[in-house]
**Student:** 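Submitted below is the structure of interest, expressed as structure tokens.
In what follows, chains are A, B, ... by sequence order, proteins preceding strands, each numbered from 1.
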Amino acid sequence: MAAATATLAVEGLKTHFFTKAGIVKAVDGVSFEVGRGEIMGLVGESGSGKSVTGFSIMRLVDPPGRVVEGRILHNGEDVVGMDGERMRNLRGNRIAMIFQDPMMTLNPVLRIETQMVEAVLAHSAVSKEEARAMARDALGQVGIPSPDERLRAYPHQFSGGMRQRVAIAIALLNKPDLIIADEPTTALDVTIQGQILYEAQKLCRETGTAMIWITHDLAVVAGLADRICVMYAGRIVEQGETGDILDRPAHPYTRGLIGSVPSRNTRGGRLFQIPGMTPSLLNLAPGCAFRERCPVAGDACIVEPETTYPLPGRELRCHRPQLQAAP
Amino acid sequence: MTVFVIRRLMQSSVVVAVMSLLVFVGVNIVGDPVDMLINPEADQAEIERVMRDLGLDRPVHEQYGYFVVNALQGDLGKSFIFGEPALQLIVLRMPATFELAIAALLIAVVLGIPLGVLAGLRPEAKSSKAIMAGSILGFSLPSFWVGIMMIMLFAVMLGWLPSTGRGDTVPFLGMQVSFLTWDGLQHLLLPAINLSLFKLSLVIRLARAGTREVIHQDYIKFARAKGLSESRVVLVHLLKNIMIPVVTVLGLEFGGLVAFSVVTETVFAWPGMGKLIIDSLHELDRPVVVAYLMIVVLMFVIINLLVDIIYSVLDPRVRLQDASA
């Protein structure tokens with residue numbers, strides 16, 4: 001897919017946090033593309049930089065963090081240097097975001113109606129009544145019963161799952177090209193999670209909206225995403241088609257992630273775990289960030305691995321790729 | 001809501017009843033007003049006559065019963081000194097004090113909230129640090145000293161503003177008020193600023209603390225992610241959330257403002273309730289003191305009720321709890 005036609009193309013994105021203790025390279029050279037109607041799973045542990053990647057695209061990284069390098073092309077136009085007013089108009093309009101904790105994303109003292117209508121009015125010159133009608137339709141679209149009545153309610157009158165539906169409805173309001181979903185089902189119970197995943201997938205297929213689904217849960221993206229990017233310590237270590245990655249993970253980290261998901265085959269046995277912890281992003285040693293925890297690391301890993309393409313449609317950053325079938 | 005108000009009114013009446021007993025007994029064990037009122041050379045018969053006239057010959061519990069029966073009919077007794085109903089004396093001076101207190105409250109809110117929000121939005125900026133340093137001064141400098149300094153500077157040295165009295169007053173809603181005349185407004189300015197300084201500092205600190213807390217909430221980031229303008233994020237999403245503690249505290253502090261006005265009224269010779277109560281305490285004018293305290297108690301009770309009602313309007317989550325209670 002050529003860069004000009006991709007809904008979103010991120011090229012060499014670096015987002016660093018300038019703290020008193022030093023520079024934290026939360027995102028350090030991330031590149032990927034998302035096409036129209038495509039769902040991309042961005043997978044990684046806590047602190048791997050996946051959320052910061054999402055916020056960088058929205059240009060909502062809190063200080064002391066900022067994008068220091070790279071381009072973020074939305075329909076071919078660079079978001080990074082865009083002036084404030086144009087960026088504001090892009091947010092919630094062409095690029096929408098859904099947050100992790102539905103209990104915290106809605107303002108507790110404003111009615112759902114207010115919070116939805118303002119999102120419409122911020123981007124289009126329609127009357128309040130029209131905006132309200134759009135809000136009602138969006139609530140109906142995400143499966144909230146009696147949306148007319150619910151518009152008058154306050155967030156605390158909704159359950160967590162319902163609040164996340166409201167947040168998704170807000171994201172859908174202006175029919176964006178791209179939705180960034182930052183672990184939107186993590187705080188929900190499994191049945192609700194299933195419903196929301198199903199609806200998200202349906203929406204993308206129907207409307208052609210692209211989606212970046214940020215999660216630490218490989219099982220979630222396995223059934224949802226078209227492609228997967230695996231992030232580790234601010235870098236994408238492996239990227240490819242979902243089925244392909246799950247069948248033949250080449251990076252030892254990806255293999256570890258897949259191995260640590262409980263399945264029928266591992267029942268009764270000891271579940272695999274990746275030894276050690278995510279490294280501190282402050283003063284990260286040069287070379288492959290995963291080598292301390294890597295079962296196959298060797299002398300070559302002292303040097304930062306370059307991106308290679310060991311398989312068709314696969315991007316990899318590893319000196320010792322595991323190209324045989326999955327364990 | 002109605003059930004809530006009725007329940008609160010019943011609780012309040014118990015508070016008022018208990019306070020009336022405490023106040024009445026408290027005032028009655030301090031000093032002997034007859035000594036203050038009567039000619040030192042008066043004979044025993046004269047003293048007894050005065051005591052009988054004032055009802056001071058009866059036992060305290062009987063005096064209290066008599067007071068309660070009258071109070072329920074709106075009669076809080078007659079001033080020993082002026083011979084006029086105590087309630088009337090106070091009510092006459094009430095508009096002056098309320099005008100001062102409300103003016104001070106307005107200054108505190110109108111200046112305090114924007115300054116506090118500014119300081120909260122950019123905590124590292126020089127201007128924010130200056131605002132916070134100023135609020136520390138507002139907290140710690142004694143009110144009477146600041147009052148005197150303000151008179152020195154603005155009235156004596158610069159001669160910009162008058163230092164005493166209310167100036168010209170005009171009737172407004174049946175009360176005499178200063179703020180509607182140019183002269184009255186000039187007279188109001190210094191005492192109102194003096195009285196507001198403490199509350200202003202309080203509002204700045206509350207608004208700043210609220211802003212620091214709310215600005216990092218997900219719902220603010222989400223509001224930005226919706227593409228709202230920065231002014232809408234701050235003026236609607238942020239402000240409505242920080243108003244909850246500000247309104248609560250200010251409501252409760254309004255009573256304190258009226259009570260603290262005693263000092264400001266004394267410094268600026270503002271003819272309000274505070275000055276009356278100081279004079280009455282000096283002269284052991286029991287009915288006036290009791291009536292004043294009863295009015296203050298009543299005022300606190302009413303303000304608390306109003307604060308709860310406003311609170312429930314600002315915070316929708318409170319409404320639900322009332323309904324289920």
Side-chain angles (χ1 to χ4, degrees), chain A residues 51 54-55 57-64 84-112 114-124 152-157 163 166-167 170-171 173-174 176 179-182 187, chain B residues 1 113 117 120-125 128 206-207 210-248 307-325:
Chain A
S51 291
F55 283 122
I57 297 167
M58 295 294 282
R59 285 238 326 250
L60 284 176
V61 180
D62 285 324
E85 179 55 25
R86 283 205 59 181
M87 190 61 223
R88 182 197 67 71
N89 201 27
L90 212 60
R91 275 188 210 125
N93 188 13
R94 302 325 321 145
I95 308 177
M97 190 156 181
I98 306 165
F99 287 30
Q100 176 169 359
D101 186 355
M103 306 310 264
M104 300 300 296
T105 36
L106 298 172
N107 194 320
V109 300
L110 299 174
R111 290 182 199 278
I112 299 300
T114 316
Q115 303 194 42
M116 295 189 80
V117 166
E118 67 180 4
V120 177
L121 295 181
H123 302 293
S124 35
R152 301 290 300 157
Y154 285 95
H156 69 269
Q157 292 162 322
R163 283 193 217 188
V166 172
I170 290 174
L173 268 177
N174 295 304
I179 295 176
I180 301 167
D182 186 3
Chain B
M1 188 66 144
I113 290 177
V117 170
L121 287 177
R122 285 183 295 153
E124 298 302 324
S128 306
L206 280 174
T211 304
R212 298 295 306 141
E213 193 189 317
V214 170
I215 201 76
H216 294 294
Q217 296 290 324
D218 269 4
Y219 55 76
I220 294 292
K221 213 169 193 183
F222 189 65
R224 291 206 172 110
K226 287 195 291 190
L228 302 183
S229 63
E230 194 58 25
S231 60
R232 173 136 187 122
V233 171
V234 171
L235 296 180
V236 177
H237 285 257
L238 181 115
L239 207 56
K240 227 186 153 194
N241 276 285
I242 68 166
M243 282 312 279
I244 295 168
V246 172
V247 166
T248 315
V307 167
D308 278 344
I309 292 171
I310 296 173
Y311 194 95
S312 76
V313 172
L314 279 177
D315 191 341
R317 285 161 296 188
V318 174
R319 217 169 298 165
L320 193 76
Q321 285 157 14
D322 291 344
S324 62

**Student:** Identify which part of B/I244 has an atom lying under 4.5 Å from any heavy atom of chain A, answering side chain, backbone, both or neither.
**Tutor:** side chain

**Student:** Specify the closest pair of heavy atoms between B/G227 and A/A122, including all atoms of both residues, with the distance to one decimal.
**Tutor:** O-CB, 3.8 Å

**Student:** Among B/K240, B/H237, B/R224, B/H216, which residue forms the greatest number of heavy-atom pairs with chain A at distances under 4.5 Å?
**Tutor:** B/H237

**Student:** Considering non-hydrogen atoms only, spot the tightest contact between B/N241 and A/P108 and give its length.
**Tutor:** OD1-CG, 3.7 Å

**Student:** Between A/G92, A/A167, A/P155, which residue shows the highest count of heavy-atom pairs closer than 4.5 Å to chain B?
**Tutor:** A/G92

**Student:** Which pair of heavy atoms, one from B/A225 and one from A/M58, lies closest together, and at what distance?
**Tutor:** O-CE, 3.6 Å

**Student:** Can you tell me how far apart CZ (A/R88) and CG (B/L228) are? Round to the nearest 0.5 Å.
**Tutor:** 8.0 Å

**Student:** For A/A171, is it the side chain, the backbone, both or neither that has a heavy atom under 4.5 Å from a heavy atom of chain B?
**Tutor:** neither

**Student:** Could you check whether any side-chain heavy atom of A/R91 comes within less than 4.5 Å of a side-chain heavy atom of B/K226, counting everything from C-beta outward?
**Tutor:** no

**Student:** Which bit of A/Q115 comes within less than 4.5 Å of chain B, counting heavy atoms only: side chain, backbone, both or neither?
**Tutor:** both

**Student:** Using the side-chain contact (heavy atoms from CB on, under 4.5 Å) rule, pick out the option among A/L60, A/N107, A/I170 that qualifies with B/F222.
**Tutor:** A/I170

**Student:** If you count heavy-atom pairs under 4.5 Å between each of B/K221, B/Q217, B/E230 and chain A, which one has the most?
**Tutor:** B/K221

**Student:** So, for A/T114 and B/R232, which heavy atoms are closest and what is the spacing to 0.1 Å?
**Tutor:** CG2-NH2, 3.8 Å

**Student:** I want to check something: taking the side chain as every heavy atom from C-beta on, are A/L106 and B/Y219 in contact at a cut-off of under 4.5 Å?
**Tutor:** no

**Student:** Measuring from atom OG1 of A/T105 to atom CD1 of B/I220, what distance do you get when rounded to the nearest 0.5 angstrom?
**Tutor:** 12.5 Å

